[in-house]
Amino acid sequence: MLLGVNIDHIATLRQARYAADPLSPICEPDLIAAASACERAGASGITIHLRADRRHIQDRDVVRLRESINTKLNLEMGNTPEILDIALQVLPEDVCLVPENRKEITTEGGLDAAGQMRALAPTVARLQKAGIRVSLFIEPDPQQIDAAHQLGVEMIELHTGAFANATGPARREETQRLILAATHAHGLGLQVNAGHGINYVNICEIVKIPHLVELNIGHSIVSRALTTGLESAVAEMLALMRRTP
Ligand code: PXP
């Protein structure tokens, strides 16, 4: 199982101080250094979300990370012409299409692939024509998985937010939904990834879900990095991911 580290929250911290002075010589924390620390610790990729409101990742970050990353760049983006143009210029290895709502603190819910097939199809086609592998961030719902399959994307990322928030019997239900969804998607030939709300505790349940190829994890790793350092936080997560369930 591979790990993509989402470094958006590192950019959030930088923007809290340097939004108005991005070229300051002491502008920190530095995303390039952060990405390379993740890679040194064994991450398979770096994930960033270029939001329409540019609240954390900036256009310049996307270009600089593209140049410096040695593993792979996974760009999360809403389906808008502006961000699509940037993706086609920067050419990340992977794009994950996500829903985007200006008021949300972080991505809430999965993309309605089934309801937005017409809007998604040309975007998927343009990205794929440029050699980019496309993923859809969707709920663990068979209808959404079938839509992803019909759209011809290479991958889905199962939204694990409901699982992460659930407790007791609801947690068991959400786990079951993820297991069924992963099995269904794998049966259709889709690469199955997962992300959102995965942390150092619930990872032991996530590793039991079959067919998962890549996890995208941000908040828990960046939070732990504040006390242990980023390399150690990434290495610790990788060690938990690699423990046999
Ligand atoms: N995957 C996707 C598609 C996301 O939007 C996010 C949140 O930015 C993540 C993974 C990472 O979620 P978390 O920060 O909760 O680990």
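Every number for a ligand or one of its atoms is a count from 1 in the order of the listing.
For ligand 1, the polar-atom distance check against Phe137 finds no nitrogen or oxygen pair separated by under 3.5 Å. Residue Gly197 has at least one nitrogen or oxygen atom sitting less than 3.5 Å from a nitrogen or oxygen atom of ligand 1, judged on distance alone. In terms of polar-atom proximity, Glu76 is counted as a contact of ligand 1, with an N or O under 3.5 Å from an N or O of the ligand.
The closest side-chain donor-acceptor pair between His184 and Asp146 falls under 3.5 angstrom.
Remark: ligand 1 atoms within the under-4.0 Å shell around heavy atoms of Ile217 are 16 (O). Near Asn216, the atoms of ligand 1 lying under 4.0 angstrom from a non-hydrogen atom of the residue are 10 (C), 11 (C). Each of the following atoms of ligand 1 lies closer than 4.0 Å to a heavy atom of Val98: 3 (C). Contact atoms of ligand 1 toward His219: 13 (P), 14 (O), 16 (O) (distance under 4.0 Å to a heavy atom of the residue).
Salt bridge annotation for Glu231-Arg40: present, with a cationic side-chain nitrogen under 4.0 angstrom from a carboxylate oxygen. In summary, Arg54 and Glu82 engage in a salt bridge, as defined by a charged side-chain N under 4.0 Å from a carboxylate O.
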Pair Asp112-Gln144, side chain to side chain donor-acceptor pair (under 3.5 Å): steps then yes or no: CA-CA 7 Å; Asp112 181 13; Gln144 297 297 342; 3.0 Å; yes

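Ring pair His196/Phe137 is tilted by interplanar angle, where 30° to 60° counts as tilted.
In the candidate list His196, His49, Glu157, His159, Glu157 is nearest to atom 1 (N) of ligand 1, counting heavy atoms.
Annotation: the span from Ser135 atom OG to Leu97 atom CG amounts to 8.0 Å, rounded to 0.5 Å.
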